[in-house]
Amino acid sequence: MAATEWTAWRPLRLAEDVPAALLAEQLDGGQSFRWSATSDGAWVGIFGRTVAMLRSGADGLEWRGLKGAAGTEAALLAYLDAEGAQARLSADLPWRSDPVLRAAREAFPGLRILRQDPHETLIGFLCSSNKRILQIRVMVAGLAEKLGEPLGAGFHALPTWSALAAADDAVLKSCALGYRAAFLRGTAQRLLARPRWAEEFAALDTPALLAELQSLPGVGPKVAACVTLFGFGRLESFPVDTWVVQALGDAYGLRKWKPAQLEQFGRAHFGAAAGLAQQYLFSAARHGKLITLPPEPKRPKSRR
DNA sequence: GTCCAGGATTCAG
DNA sequence: CTGAATCATGGA
């Protein structure tokens with residue numbers, strides 16, 4: 001990563017300010033697994049064939065790309081939803097009547113759903129089951145390094161499905177995928193035969209899209225909801241992971257509810273941008289900034 | 001050592 | 001249909 005590989009830092013104009021803590025949550029908050037913090041407080045990431053760095057300084061958000069790479073700034077603006085369509089959706093969430101959502105939203109104001117590629121989102125979340133964000137990042141980095149197209153300066157794109165389907169077992173094993181290797185290979189073999197799957201899936205309505213994704217090996221309700229939200233931009237999709245189960249149980253009193261019930265609650269309660277509300281709750285819960293109800297007494301007493 | 005992680009699949013009832 | 005067991009791996 002020699003300094004000569006990079007262009008000069010330049011301002012990146014978004015609709016709203018992006019302080020450092022928000023940038024960290026935006027890039028490393030469980031949506032994408034392709035961003036890493038550098039030693040000097042910046043972030044370096046790869047999405048599609050774009051390699052970019054971002055940092056939040058006194059003069060606002062700044063970016064730089066690899067020298068000779070065209071379109072980096074435009075790619076960043078699209079990726080970060082610079083048009084600001086989500087600002088209005090966030091304002092329309094029921095935070096005025098919901099103190100839990102209000103506090104979660106105020107913990108990371110300006111947090112947005114990244115506009116990611118479906119293919120890359122699916123790879124990331126196929127690796128995600130029963131894993132922490134940090135380790136998902138390690139797995140995905142290994143896949144890119146060993147099976148992805150070189151992009152210069154030592155960076156690699158994520159592998160294609162054909163590369164994944166043809167990958168040697170030892171290579172997959174060296175990425176610490178565990179049992180998820182079979183998920184990746186199985187889905188790769190299925191999608192290999194339909195190279196335009198993402199366009200075809202994008203034409204479906206959200207219930208059909210969720211069902212189609214869940215027909216793939218290693219894709220259950222939660223992974224399908226994440227790919228639908230982060231990869232296909234369906235803001236109404238409401239993924240329910242262990243953090244959201246905890247958050248909805250502790251903050252809304254929905255303890256002992258099953259994930260499918262919580263998903264229904266989320267979509268009904270939060271509406272058209274339920275997925276964005278989910279991301280506020282997820283981030284706030286992970287940082288201990290969620291308003292919670294008192295813990296349930298172990299032996300509830302009858303009140304006479 | 002135990003427990004848990006942005007779960008999915010398979011199996012028993 | 002629901003609930004439990006199992007899956008592979010690393011960090012706390």
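Because only heavy atoms are used, hydrogens play no part in the values below, and waters and symmetry mates are left out as well, while side chains stay in. Just so it is clear, the structure is predicted and the values come from calculations on it, not from any experiment. Naming convention: chains lettered A, B, ... in sequence-line order (proteins, then strands); numbering from 1 in each chain.
Between dA8(C) and dC11(B), the two P atoms lie 15 Å apart (nearest whole Å). Nucleotides dG6(B) and dT2(C) place their C1' atoms 24 Å apart, quoted to the nearest Å. Comparing the same atom, P, in dG10(C) and in dT9(B) gives a spacing of 23 Å after rounding to whole Å.
At the heavy-atom level, G30(A) lies under 4.0 Å from base atoms of the strands shown. Residue-level contact check: P217(A) touches the backbone only, with heavy atoms under 4.0 Å from sugar-phosphate atoms and none from bases. At a threshold of 4.0 angstrom between heavy atoms, the contacts of V219(A) are confined to the sugar-phosphate backbone, with no base atom among them. Note on L229(A): nothing from the nucleic acid sits closer than 4.0 angstrom, heavy atoms only. Nucleic acid contact class of R180(A) (heavy atoms, under 4.0 Å, all strands): base.
Salt bridge E200(A)/R194(A): present, at least one basic N to carboxylate O contact under 4.0 Å.
Residue R234(A) qualifies as enclosed at atom CZ: its count of foreign heavy atoms under 6.0 Å is above 12. More than 12 heavy atoms of other residues, nucleotides or ligands shown are found within 6.0 angstrom of CD on E16(A).
Note: NZ (K222(A)) to C1' (dT9(B)) measures 16 Å, nearest angstrom. One can place CG of L213(A) at 12 Å from P of dA8(B), the figure rounded to the nearest angstrom. Atom CG in L126(A) sits roughly 13 Å away from atom P in dG7(B) (whole-Å rounding). In this structure, N130(A) places its CG atom 6 Å from P of dG7(B), rounding to the nearest Å. Distance CE (M139(A)) to P (dA5(B)): 15 Å, rounded to an integer number of Å. Rounded to an integer number of Å, the gap from Y179(A) OH to dA8(B) P is 9 Å. When rounded to the nearest whole Å, the span between CZ of R286(A) and C1' of dC4(B) equals 14 Å.
For dG6(B), the base is stacked against the aromatic ring of F282(A), per a cut-off of 5.5 Å between centres and 30° between planes.
Contacts between residues 238-253 of chain A and DNA chain C, defined by a heavy-atom separation under 4.0 Å, are absent. Within a heavy-atom distance below 4.0 Å of DNA chain B, the residues of residues 263-280 of chain A found are Q278(A), Q279(A). For DNA chain B, none of the residues of residues 107-121 of chain A falls under the heavy-atom distance limit of 4.0 Å.
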Could you tabulate the donor-acceptor pairs under 3.5 Å formed by side-chain atoms of residues 158-171 of chain A, not counting sequence neighbours?
from: T160(A); atom 1: OG1; to: S162(A); atom 2: OG; distance (Å): 3.0
from: T160(A); atom 1: OG1; to: A163(A); atom 2: N; distance (Å): 3.1
from: W161(A); atom 1: NE1; to: H119(A); atom 2: ND1; distance (Å): 3.0
from: D168(A); atom 1: OD2; to: A170(A); atom 2: N; distance (Å): 3.0
from: D169(A); atom 1: OD1; to: R185(A); atom 2: NH1; distance (Å): 2.4

Using a 3.5 Å cut-off and no angle test, enumerate the donor-acceptor pairs between side-chain atoms of residues 210-217 of chain A and protein atoms at least two apart in sequence or in another chain.
from: S215(A); atom 1: OG; to: R190(A); atom 2: NH2; distance (Å): 3.3
from: S215(A); atom 1: OG; to: E212(A); atom 2: O; distance (Å): 2.7

Atom pairs and distances, side-chain donor-acceptor, residues 261-275 of chain A, under 3.5 Å, sequence neighbours left out:
from: Q261(A); atom 1: OE1; to: K258(A); atom 2: N; distance (Å): 2.9
from: H269(A); atom 1: NE2; to: D98(A); atom 2: OD2; distance (Å): 2.9

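The cationic atom of K289(A) (NZ for Lys, CZ for Arg) lies less than 6.0 Å from the six-membered ring centre of F108(A) and within 45° of the ring axis.
Applying the salt bridge (charged side-chain N to carboxylate O under 4.0 Å, His left out) test to residues at least two apart or on different chains, the pairs with a partner in residues 32-53 of chain A are R49(A)-E149(A).
Ring orientation note: the planes of W6(A) and F155(A) are nearly perpendicular, at an angle over 60° on the 30°/60° scale.
Under a hydrophobic-cluster definition in which Ile, Leu, Val, Met, Phe, Trp and Tyr are linked whenever side-chain heavy atoms come within less than 4.5 Å, directly or via other members, V44(A) and L151(A) are assigned to the same cluster.
Annotation: salt bridge (Lys or Arg N to Asp or Glu O under 4.0 Å) contacts of R196(A) (sequence neighbours excluded): E199(A). Taking the salt bridge (Lys or Arg N to Asp or Glu O under 4.0 Å) definition, one finds that R137(A) meets it with D28(A), sequence neighbours left out. Every residue meeting the salt bridge (Lys or Arg N to Asp or Glu O under 4.0 Å) condition with R55(A), not counting sequence neighbours, appears here in chain and number order: E62(A).
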Close N/O contacts between protein and nucleotides 10-13 of chain B (under 3.5 Å):
none

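Nucleotides of DNA chain C with any atom under 4.0 Å from a heavy atom of chain A span, from 5' to 3', dG3(C) to dG11(C).
Among Y79(A), F232(A), F47(A), the one residue that satisfies the side-chain contact (heavy atoms from CB on, under 4.5 Å) test with Q116(A) is Y79(A). Put simply, the residue from L204(A), T206(A), T121(A) that forms a side-chain contact (heavy atoms from CB on, under 4.5 Å) with T228(A) is T206(A).
Comparing I136(A) and Q214(A) against DNA chain B, the residue whose closest nucleotide sits nearer the 5' end is I136(A). Where K258(A) and A176(A) each meet DNA chain C at their nearest nucleotide, the meeting point lying more 5' is that of K258(A).
Here the closest heavy-atom approach between residue E25(A) and residue S283(A) is recorded as OE2-OG, 2.6 Å.
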| query | Is there a side chain to side chain contact (heavy atoms under 4.5 Å, CB included) between F230(A) and S32(A) once you walk through the steps? | reply | CA-CA 8 Å; F230(A) 303 129; S32(A) 167; over 6 Å; no
